[in-house]
Amino acid sequence: MNINNLFFHIHYCNFRRFKDTRKYSTRIARTLEHHELILVTGGKGSVLVDQKKHQFRAGMLFYISPGVFHAMEFDLEDPLCFLAVHFSYAQVHLTEGQWTLGEVPETLPLYTAQDLKDYYQIEEIFSKLVEGWNAKLPGYEFAAKTALQQLLIAIYQNNKRNNQNFSISLKVEKIIGYMHEHIHTRVTLPELAGLVQLSPAYLSRAFKEITGYSPIEFFSRIKMDKAKELILEGSGKKVKEIAGVLGYADEFYFSRIFKRIEGISPSEYYSKNVHVV
């Protein structure tokens with residue numbers, strides 16, 4: 001799933017801090033119609049999800065997806081301290097200048113329960129999200145959505161650092177850096193695979209798992225982002241010149257790729273966005 005296309009809506013946030021005097025139930029059993037993330041920051045208790053019981057520990061992250069029954073029990077002597085956000089999301093696409101709703105995947109690519117290592121950055125972002133939501137200052141809903149996206153990115157990066165395949169992630173990052181350095185040329189899958197000493201088939205599969213795109217498709221998107229920059233900065237370059245700058249000998253081939261990715265041709269993009277005074 002490509003999370004870049006997800007649009008989030010936050011239902012509410014809640015929390016419990018150390019020495020919080022508010023009254024809480026000792027047991028909650030429920031099935032939600034939306035998603036929930038819970039970060040445990042202290043206290044004792046347990047949660048039963050999918051018939052598996054997990055003990056609460058500081059640094060544990062729980063992801064509850066819609067339609068999943070779960071039951072939580074809390075210790076009265078050492079009450080649970082936590083941060084939580086309840087949210088929904090939709091998958092949106094911009095195609096040929098029109099926004100459309102896509103099929104919404106049921107779950108995010110997160111574990112139901114996981115022990116986060118070095119979770120302090122995640123806790124800081126989560127705290128800002130919850131505090132901003134509860135403060136209800138002007139613009140808090142938009143700010144909360146942004147914070148939720150930052151939180152998900154931080155969780156993903158934390159998982160990546162502690163994943164046994166971290167070396168593959170580093171190789172993908174090396175390839176992306178190589179793409180930026182060679183944006184004005186043409187690269188091939190065997191060339192990229194040789195750069196990180198992987199087979200083309202394995203690289204293609206691993207690259208798509210991490211980025212959501214094949215290596216060549218990702219490189220094309222980097223090029224099209226640069227093409228948009230060249231169009232919008234008012235350089236005065238014609239389509240053929242921009243294609244040449246980005247390593248395309250055939251301007252019509254370049255235009256086809258641009259339209260496939262952006263939904264409109266380079267000339268249409270220019271007419272819609274650049275207004276000569």
Side-chain angles (χ1 to χ4, degrees), residues 1-7 89-105 109 146 149 153 156 160 168-277:
M1 177 178 60
N2 187 353
I3 64 172
N4 295 321
N5 295 327
L6 299 184
F7 177 84
Y89 58 83
Q91 191 166 206
V92 297
H93 303 277
L94 180 62
T95 306
E96 297 186 4
Q98 299 294 321
W99 288 100
T100 58
L101 286 174
E103 293 185 7
V104 179
T146 303
Q149 291 175 309
I153 291 170
Y156 168 78
K160 186 176 69 171
I168 299 299
S169 296
L170 290 179
K171 289 184 177 184
V172 168
E173 290 177 5
K174 181 178 180 179
I175 287 173
I176 292 173
Y178 182 84
M179 289 175 175
H180 283 290
E181 292 172 359
H182 294 78
I183 193 171
H184 306 302
T185 64
R186 177 178 176 271
V187 300
T188 65
L189 182 58
E191 176 187 349
L192 297 175
L195 180 68
V196 292
Q197 298 181 323
L198 295 174
S199 71
Y202 184 84
L203 171 62
S204 185
R205 184 170 60 253
F207 196 98
K208 189 165 186 177
E209 286 178 358
I210 292 173
T211 68
Y213 301 102
S214 69
I216 300 305
E217 174 69 9
F218 194 89
F219 189 43
S220 294
R221 288 178 174 272
I222 290 177
K223 284 176 175 282
M224 294 310 109
D225 284 343
K226 184 62 177 179
K228 289 185 290 184
E229 179 185 327
L230 292 172
I231 292 170
L232 294 177
E233 72 179 11
S235 61
K237 288 184 172 63
K238 296 180 179 179
V239 172
K240 183 176 182 178
E241 293 175 300
I242 293 175
V245 167
L246 296 174
Y248 294 97
D250 185 343
E251 66 176 289
F252 299 106
Y253 177 67
F254 162 74
S255 294
R256 285 199 301 273
I257 294 178
F258 189 99
K259 186 170 185 178
R260 177 172 57 79
I261 292 176
E262 297 300 323
I264 56 178
S265 68
S267 57
E268 289 174 317
Y269 187 85
Y270 176 87
S271 64
K272 282 178 177 289
N273 293 281
V274 179
H275 305 282
V276 180
V277 179

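All of these numbers come straight from a predicted model, not from anything done at the bench.
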Using modelled atom types only, decide if a donor and an acceptor are shared between the side chain of [X] and the backbone of [Y] within a distance under 3.5 Å.
X	Y	answer
K240	E251	no
K171	A193	no
S204	A201	no

Which heavy atom of [X] sits nearest to which heavy atom of [Y], and what is that distance?
X	Y	value
H184	V245	ND1-O, 2.9 Å
S265	E268	N-OE1, 2.9 Å
Q149	L6	NE2-O, 4.3 Å
V239	P266	CG2-CB, 4.0 Å
I168	A206	CG2-CB, 3.7 Å
K174	L195	NZ-O, 3.8 Å

Worksheet item: Just wondering, do L101 and V92 contact through their side chains at under 4.5 Å, heavy atoms?
Response: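 Yes, at least one pair of side-chain atoms sits under 4.5 Å.
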Item to complete: Would you mind reporting whether I210 and Y156 have side-chain heavy atoms less than 4.5 Å apart?
Response: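 Side chain of Y156 against side chain of I210, heavy atoms only: contact under 4.5 Å found.
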Practice prompt. If the plane angle is over 60° it's perpendicular, under 30° parallel, otherwise tilted; pick one for F207 and F218.
Written response: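 Answer is perpendicular, since the angle exceeds 60°.
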Item to complete: Over 60° means perpendicular and under 30° means parallel, so classify the ring planes of Y269 and F258, tilted if in between.
Response: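 Because their plane-to-plane angle is over 60°, the rings of F258 and Y269 count as perpendicular.
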Drop me the distance from [X]'s [atom1] to [Y]'s [atom2], to the nearest 0.5 angstrom.
X	Y	atom1	atom2	value
L192	I176	CG	CD1	10.5 Å
I175	L203	CD1	CG	4.0 Å
M179	T185	CE	OG1	10.5 Å
K272	E262	NZ	CD	12.5 Å
I183	I222	CD1	CD1	6.5 Å
M224	I257	CE	CD1	5.5 Å

Discussion item. Taking side chain to side chain contact (heavy atoms under 4.5 Å, CB included) as the definition, give me every residue that meets it alongside K208, ordered by chain and number, with sequence neighbours left out.
Written reply: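 Listed in chain order: nothing, the list is empty.
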Worksheet item: Looking at E217 and R260, does any basic side-chain N land under 4.0 Å from a carboxylate oxygen?
Response: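 So E217 pairs with R260 through a salt bridge.
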Worksheet item: Should the pair E229-K226 be classified as a salt bridge under the 4.0 Å nitrogen-to-oxygen rule?
Response: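 The answer is yes: the pair qualifies as a salt bridge.
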